[in-house]
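Okay, so here's the structure we're looking at.
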2 protein chains.
Amino acid sequence: MKSLSIKDIAVKANVSITTVSFIINGKAKEKSISEAVIEKVEKIIAESGYKPNQIARSLRTGNSNIIGLIIEDISNSFFSRIARLIEDKAYKRGYKIIYSSTENSVDKAKELINMFKSRKVDAYIISPIKGIEEDIQMLLDDGNPVILFDRNLPDLNVSYVGADHFNASYQSIQNFIDQGKKNIALVTTDINVEQIIERFEGYRKALEDNGITYNDELVVKVHFNQDEQTTINQVKDLFNSKNIDAVLFATNYLAIGGLKALKQINKKIDDDFAVIAYDDHEAFELHTPSISAVQQPLEEIAETIIKLILSQLASKSKSPVDQVIIPARLVIRD
Amino acid sequence: MKSLSIKDIAVKANVSITTVSFIINGKAKEKSISEAVIEKVEKIIAESGYKPNQIARSLRTGNSNIIGLIIEDISNSFFSRIARLIEDKAYKRGYKIIYSSTENSVDKAKELINMFKSRKVDAYIISPIKGIEEDIQMLLDDGNPVILFDRNLPDLNVSYVGADHFNASYQSIQNFIDQGKKNIALVTTDINVEQIIERFEGYRKALEDNGITYNDELVVKVHFNQDEQTTINQVKDLFNSKNIDAVLFATNYLAIGGLKALKQINKKIDDDFAVIAYDDHEAFELHTPSISAVQQPLEEIAETIIKLILSQLASKSKSPVDQVIIPARLVIRD
DNA sequence: CTGAAAGCGCTTACAG
DNA sequence: CTGAAAGCGCTTACAG
């Protein structure tokens with residue numbers, strides 16, 4: 001069953017394709033099409049259920065009304081919640097989202113960028129990894145709107161939206177110290193991305209500013225993508241071998257694994273031992289006791305991303321570069 | 001900066017567009033293009049970084065290599081995990097995913113189907129709601145591959161993949177009864193979708209088969225989309241007014257809200273009071289005590305969906321209708 | 001007030 | 001072994 005084309009409508013209405021096109025695109029008034037013709041054509045369109053072929057429209061106009069979203073992993077709740085907000089806001093402005101997960105692979109990320117490029121997406125929202133700087137630079141050189149989020153690529157002159165990871169991490173550690181903690185551990189990952197590095201630097205700086213010597217042995221860097229059981233074992237080893245009175249988990253999935261480890265070795269979270277997770281998660285409020293967490297302002301991040309995209313889309317000229325850093329919020333529970 | 005077209009490559013290589021097209025599409029041998037020409041053209045393509053315009057290709061060939069995914073809400077962990085698996089498997093077969101969330105709105109669902117239609121997606125994966133039967137029937141009439149998942153539309157003769165919600169619910173209740181529970185509550189939602197109805201029927205039938213009278217007052221149906229606090233209050237009311245020794249939460253977000261309510265009224269989960277959540281969630285294993293859950297076989301569901309899609313895409317003729325029901329697994333914790 | 005025609009970047013049947 | 005040309009379904013500058 002072939003679907004209807006603009007030609008079919010034109011024939012049925014006994015007018016030209018041009019006229020139908022003008023009506024579809026709301027240019028009827030501007031082109032002074034007569035009321036009678038407008039009504040006739042609109043009636044036929046409504047009755048037939050005709051939908052313009054967006055592919056043809058894209059080929060002709062050069063834009064697709066699709067925004068490409070490249071993230072690490074859609075099943076990670078931080079990304080899925082951001083994706084939801086972005087989708088919603090984009091949708092309201094007439095844009096659809098194509099997403100794809102990179103799994104932190106440089107090759108896959110490059111492939112995805114190429115794929116989106118050949119699909120002529122109108123804009124790119126990317127949570128990037130190191131190693132794709134060149135590819136992003138090419139997108140910029142070609143005049144594409146590009147917004148990085150969550151993590152920045154400092155070598156690039158590109159728009160970026162993200163939380164203030166350094167300060168949020170710093171405040172978390174300061175909070176521990178204010179409670180009198182001295183042996184503060186950090187469980188983080190070994191991926192070399194901006195936001196993880198900033199969280200580490202916030203940790204280190206807060207210790208330093210409070211006169212506490214940084215101790216390498218209190219920092220565990222787990223491999224990205226390793227299975228949870230391995231992470232759990234590493235955390236157990238850490239707590240079994242060291243005397244620790246507070247720990248910051250640098251991501252929510254690390255915190256989930258870490259809490260399981262603490263449960264298994266029966267390490268109680270109480271006045272003598274404090275925990276903060278970076279990025280909130282539904283499990284934390286529910287946990288006994290409740291777990292404090294750094295909340296990134298997802299709504300604000302998503303809104304800012306979309307605003308920047310739209311303004312870049314609007315300005316046909318060289319896109320302005322905006323770097324927006326949004327404060328994160330430390331939520332202390334219990 | 002305009003990107004390169006096939007014509008630019010043809011000019012540079014001093015051959016025709018046709019020849020370049022054959023080479024790009026791997027038909028060089030078949031069309032007996034000479035080795036020398038193939039090499040020359042491939043070299044130029046590689047050097048120039050030329051990527052064929054997929055929009056033009058789609059317009060010409062009529063397919064897009066894009067699969068449309070319509071779900072309730074990407075930020076719900078059940079859907080985001082399924083989305084991740086589907087994306088991954090589709091990607092390996094050369095397909096990309098466009099997704100959109102319906103938020104259980106019939107209007108939005110209809111809009112999304114139209115949007116995907118005008119984008120000429122090659123296939124549709126839909127977690128449907130009642131009220132869009134006609135729209136789906138139109139897709140089927142037009143010969144589009146359509147797979148429903150999670151929830152079925154029984155009035156339609158369409159392929160479907162989902163867990164055996166009835167039996168999983170039945171077994172959960174049977175498990176309670178085997179432990180000697182008598183006053184078994186169900187917290188569910190008021191959305192009129194197949195999988196929620198089946199979970200309810202499983203509950204009711206298990207009670208009946210065990211000679212326990214169904215009691216309307218032990219069933220709470222919360223409004224879809226209401227805020228969590230309202231749900232929490234309803235659950236509190238239920239437990240404050242009734243004597244209950246077991247509860248099945250029909251979705252994982254209801255369980256999250258419900259567990260918060262139980263915590264607030266200090267209702268302990270122990271030998272005298274049992275809880276099962278439908279759909280697992282990271283919070284449940286971590287909870288004190290751990291919460292039992294029905295696990296849907298996500299991997300198998302995603303794999304089956306993709307297999308059906310591919311087989312429908314392959315068979316140019318009338319697509320076969322397969323309804324695949326996959327057993328779910330009750331994981332008892334503690 | 002309306003239409004004929006070019007062109008977006010491809011694929012492919014046909015011709016040689 | 002290779003190419004000219006039609007056509008996918010639109011939009012839009014130009015003409016009348």
Side-chain angles (χ1 to χ4, degrees), chain A residues 1-42 45 48-66 115 117-122 142, chain B residues 1-42 45 48-66 115 117-122 142:
Chain A
M1 189 108 117
K2 270 208 34 17
S3 51
L4 295 165
S5 78
I6 194 170
K7 196 175 163 192
D8 299 319
I9 304 297
V11 169
K12 272 191 202 169
N14 207 19
V15 296
S16 75
I17 290 180
T18 309
T19 302
V20 178
S21 176
F22 285 154
I23 293 173
I24 291 170
N25 292 297
K27 298 191 180 166
K29 300 280 175 214
E30 177 188 331
K31 300 290 179 177
S32 25
I33 311 279
S34 68
E35 267 307 327
V37 171
I38 295 178
E39 266 178 37
K40 180 172 63 173
V41 171
E42 279 178 343
I45 290 176
S48 65
Y50 164 69
K51 301 284 165 203
N53 181 327
Q54 294 293 338
I55 298 277
R57 184 177 277 176
S58 291
L59 179 59
R60 181 53 226 244
T61 63
N63 44 46
S64 59
N65 282 304
I66 292 184
M115 191 133 340
K117 207 179 190 174
S118 70
R119 289 243 141 71
K120 306 288 169 199
V121 301
D122 289 350
D142 287 354
Chain B
M1 188 109 119
K2 266 201 50 2
S3 51
L4 294 166
S5 76
I6 193 170
K7 196 174 165 193
D8 299 318
I9 303 297
V11 169
K12 271 193 202 168
N14 206 20
V15 296
S16 75
I17 290 180
T18 309
T19 302
V20 177
S21 176
F22 286 154
I23 293 172
I24 290 170
N25 292 296
K27 296 190 180 167
K29 298 282 174 211
E30 180 188 328
K31 300 290 179 180
S32 22
I33 312 279
S34 67
E35 267 307 327
V37 171
I38 296 177
E39 266 178 36
K40 180 172 63 176
V41 172
E42 281 180 343
I45 291 176
S48 64
Y50 164 70
K51 301 286 166 201
N53 181 326
Q54 294 293 338
I55 299 275
R57 183 178 275 176
S58 289
L59 179 58
R60 179 55 224 244
T61 63
N63 43 47
S64 59
N65 282 303
I66 291 184
M115 191 134 339
K117 208 176 183 172
S118 71
R119 289 242 142 71
K120 306 290 169 193
V121 301
D122 290 349
D142 287 353

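None of the values given here were measured: they were computed from a predicted structure. Numbered from 1 within each chain, the chains take letters A, B, ... in sequence-line order.
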Is the phosphate of C:dG9, meaning OP1 or OP2, less than 4.0 Å from a side-chain N or O of B:S5?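 No, outside the criterion.
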
C:dC10 OP1/OP2 closer than 4.0 Å to side-chain N/O of B:S58: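 Answer is no, no contact under 4.0 Å.
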
Using a 4.0 Å heavy-atom cut-off to protein, can you give one letter per nucleotide of nucleotides 11-16 of chain D, 5' to 3': B if the base is in contact, S if only the sugar-phosphate is, - if neither? BBB---

Whole-Å gap separating [atom2] ([N]) and [atom1] ([X]):
| X | N | atom1 | atom2 | value |
| --- | --- | --- | --- | --- |
| B:K7 | C:dA6 | NZ | P | 15 Å |
| A:I55 | C:dC10 | CD1 | P | 14 Å |
| A:K51 | D:dC10 | NZ | P | 13 Å |
| B:N53 | C:dG7 | CG | P | 18 Å |
| A:N65 | D:dC10 | CG | C1' | 14 Å |
| B:E35 | D:dT2 | CD | P | 11 Å |
| B:L4 | C:dC10 | CG | C1' | 15 Å |
| A:L59 | D:dC10 | CG | P | 12 Å |

Taking only residues two or more places apart in sequence, or in another chain, which ones meet [X] in a side chain to side chain contact (heavy atoms under 4.5 Å, CB included)?
| X | result |
| --- | --- |
| A:E39 | A:E35 |
| A:K27 | A:F22, A:N25, A:E30, A:K31 |
| B:N65 | A:R119, B:Y95, B:D122 |

Residue whose closest nucleotide on DNA chain C lies nearer the 5' end, B:Y50 versus A:T19: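 The residue whose closest nucleotide sits nearer the 5' end is A:T19.
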
With [X] via side chain to side chain donor-acceptor pair (under 3.5 Å) - residues at least two apart:
| X | answer |
| --- | --- |
| A:K12 | none |
| A:T61 | A:N63 |
| B:T19 | B:S16 |
| A:K117 | none |

In Å, rounded to the nearest 0.5 Å, how long is the span from CD1 of B:I23 to CD1 of B:I33?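 These two atoms lie 5.5 Å from each other.
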
Using the criterion of both pairing distances under 3.5 Å for Watson-Crick and G-U wobble pairs, give all stems of 3 or more consecutive pairs involving DNA chain C.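 In DNA chain C, stems of three or more pairs: C:1-3 with D:14-16, C:5-12 with D:5-12, C:14-16 with D:1-3.
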
Min side-chain heavy-atom separation B:Q54-B:I66 under 4.5 Å: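 B:Q54 does not reach B:I66 side chain to side chain.
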
